[in-house]
Amino acid sequence: MRIEPVNESTCIVYFGDRICDETAGLVKQATDIIRATLSDVITDLVPSYTSVLVCYDLERIDRFDIRSRLRKALKQTPVAAKDELSSQTLELPVYYGPEVALDMEDVCEFSGLSVEEVIRIHSEQTYRVYAIGFSPGFAFLGSTDPRIAIPRKSTPRLKVPVGSVGIAGTQTAIYPSATPGGWQIVGRTPSKMIDWDSESLALAQIGDRVKFRSIARDEFVSLGGQLDEL
């Protein structure tokens with residue numbers, strides 16, 4: 001574990017440099033500990049793949065004391081905390097049809113695989129929610145099978161439809177709302193990834209597992225999915 005300053009009211013705690021369940025468990029455990037023990041001075045916490053961004057109130061604590069309190073609070077953090085991760089698995093239906101799989105042809109060309117092979121590989125993997133950011137409820141899932149890993153688009157779309165499922169490198173994600181984005185879109189889910197009236201806000205939480213289930217067009221529409229006509 002190491003603590004590095006970001007600016008006058010923010011620091012970041014690193015727990016490793018490799019994306020894996022062990023490191024993710026440490027991040028989750030540390031986030032819970034910091035939230036419980038430093039709530040009097042913390043203004044925000046942003047957990048990510050291998051780190052936790054800590055924002056603190058300068059009127060209550062300075063950059064030296066925050067480091068001291070963080071070290072003391074996290075002193076007992078174990079070397080591995082894989083058990084801290086959620087055992088919940090979210091099964092999300094995904095339609096991979098041509099009306100919604102906006103970049104499927106590019107993924108197939110890049111990988112040398114057929115549409116059927118890309119769908120099978122993408123949907124048979126079980127992913128872990130490692131981070132939430134970019135926009136409310138946007139869950140970064142890892143790790144995508146290397147056979148279908150593809151770089152982000154060189155020119156992002158101005159608007160990616162809500163529910164779009166995309167690939168960027170060895171990550172996959174679902175767009176919870178219509179936003180600009182550069183991920184390679186291979187499908188769309190009718191599931192609502194964000195609920196503004198709920199306490200947790202996002203359907204997927206850090207540590208959860210996610211499994212995609214390939215569905216047909218009719219089921220997608222019956223579940224409330226919206227199509228883009230060709």
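- Neither V27 nor I12 shares a network with the other; the hydrophobic side chains, linked directly or stepwise wherever heavy atoms of I, L, V, M, F, W or Y lie under 4.5 Å apart, form separate groups for each.
- Among all heavy-atom pairs drawn from I150 and Q184, the shortest one is CG2-CG, 3.6 Å.
- Within a 6.0 Å sphere centred on CD of E105, heavy atoms belonging to other residues, nucleotides or ligands number 12 at most.
- D40 CG: more than 12 foreign heavy atoms inside a 6.0 Å radius.
- Open room surrounds CD on Q226; 12 or fewer heavy atoms of other groups in view lie less than 6.0 Å from it.
- Between P190 and P93, some side-chain heavy-atom pair lies under the 4.5 Å cut-off.
- Applying the salt bridge (charged side-chain N to carboxylate O under 4.0 Å, His left out) criterion to D57, with sequence neighbours excluded, gives R60.
- T89 has its side chain out of reach of E91: every pair of non-hydrogen atoms, C-beta onward, lies at least 4.5 Å apart.
- V13 and V6 are assigned to two separate hydrophobic clusters, defined by single-linkage of ILVMFWY side chains at heavy-atom distances under 4.5 Å.
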Please walk me through it: do Y95 and I215 pass side chain to side chain contact (heavy atoms under 4.5 Å, CB included)? CA-CA 5 Å; Y95 176 49; I215 61 174; 4.2 Å; yes
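- Side-chain N or O atoms of Q125 include none that pairs as donor or acceptor with a backbone N or O of T144 at under 3.5 Å.
- When all heavy atoms of L92 and L203 are compared, the pair lying nearest together is CD2-CD2, 4.1 Å.
- For E117, the CD atom is densely surrounded, since the number of other residues' heavy atoms within 6.0 Å is greater than 12.
- F110 is connected to V118 through a chain of hydrophobic side-chain contacts under 4.5 Å among Ile, Leu, Val, Met, Phe, Trp and Tyr, so both are in one cluster.
- Side-chain contact check for L38 versus I66: some heavy-atom pair is nearer than 4.5 Å.
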Show the numbers, then the answer: is there a side chain to side chain contact (heavy atoms under 4.5 Å, CB included) between D32 and R35? CA-CA 5 Å; D32 293 341; R35 183 176 289 115; 3.8 Å; yes
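- We find the CD1-CZ distance between I3 and R63 to be 13.5 Å, quoted to the nearest 0.5 Å.
- Of all heavy-atom pairs between S135 and P176, the closest is OG-CG, 4.0 Å.
- Here the side chain of R128 pairs a donor or acceptor atom with the backbone of G207 at under 3.5 angstrom.
- Counting only N and O atoms by type, the side chains of D21 and Y130 include a donor and acceptor under 3.5 Å apart.
- Summarising the local packing, NZ of K211 is surrounded by more than 12 heavy atoms from other residues, nucleotides or ligands at distances under 6.0 Å.
- Using modelled atom types, no side-chain atom of D103 and backbone atom of D106 make a donor-acceptor pair closer than 3.5 Å.
- Interatomic distance, S9 OG to I61 CD1, rounded to the nearest 0.5 Å: 12.0 Å.
- Under the side chain to side chain contact (heavy atoms under 4.5 Å, CB included) test applied with V54, the options I34, V46, T31 reduce to a single match, I34.
- In this structure, the separation between CG on L53 and CG on L45 is 8.5 Å, given to the nearest 0.5 Å.
- One finds the SG atom of C11 at 12.5 Å from the CZ atom of R2 (value rounded to the nearest 0.5 Å).
- Taking all atoms of both residues into account, the shortest heavy-atom contact from Y56 to T43 is N-OG1, 3.7 Å.
- With R147 contributing its side chain and I121 its backbone, the two residues share no donor-acceptor pair below 3.5 Å.
- A donor-acceptor pair under 3.5 Å is formed between the side chain of S222 and the backbone N or O of E219.
- The heavy-atom pair separating V129 from A139 by the smallest distance is CG1-CB, 4.0 Å.
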Step by step, would you call V107 with H122 a side chain to side chain contact (heavy atoms under 4.5 Å, CB included)? CA-CA 11 Å; V107 175; H122 187 261; over 6 Å; no
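- The backbone N or O of T37 lies less than 3.5 Å from a partner atom in the side chain of R69, making a donor-acceptor pair.
- Of all heavy-atom pairs spanning A149 and T170, the tightest one is CB-CG2, 4.2 Å.
- Here the OG atom belonging to S68 is positioned 10.0 Å from the CG atom belonging to D62, to the nearest 0.5 angstrom.
- Under the 4.5 Å side-chain contact rule for hydrophobic residues, L26 and I33 share a cluster.
- When hydrophobic clusters are built by joining Ile, Leu, Val, Met, Phe, Trp and Tyr residues whose side-chain heavy atoms come closer than 4.5 Å, directly or via intermediates, V162 is not grouped with I185.
- Separation of atoms CE (M104) and CD1 (I119) is listed at 4.5 Å; rounding is to 0.5 Å.
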Could you walk me through whether K153 and W183 pass the side chain to side chain contact (heavy atoms under 4.5 Å, CB included) test, one step at a time? CA-CA 6 Å; K153 301 180 73 65; W183 294 49; over 6 Å; no
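- More than 12 heavy-atom neighbours from other residues, nucleotides or ligands sit within 6.0 angstrom of CD on E4.
- Aromatic ring orientation, F212 versus Y127: tilted (interplanar angle from 30° to 60°).
- In this structure, F140 has its ring center no closer than 6.0 Å to that of F134.
- When atom types are taken as modelled, the side chain of T23 and the backbone of C20 share no donor-acceptor pair closer than 3.5 angstrom.
- With a 4.5 Å cut-off on side-chain heavy atoms, F220 and L227 count as touching.
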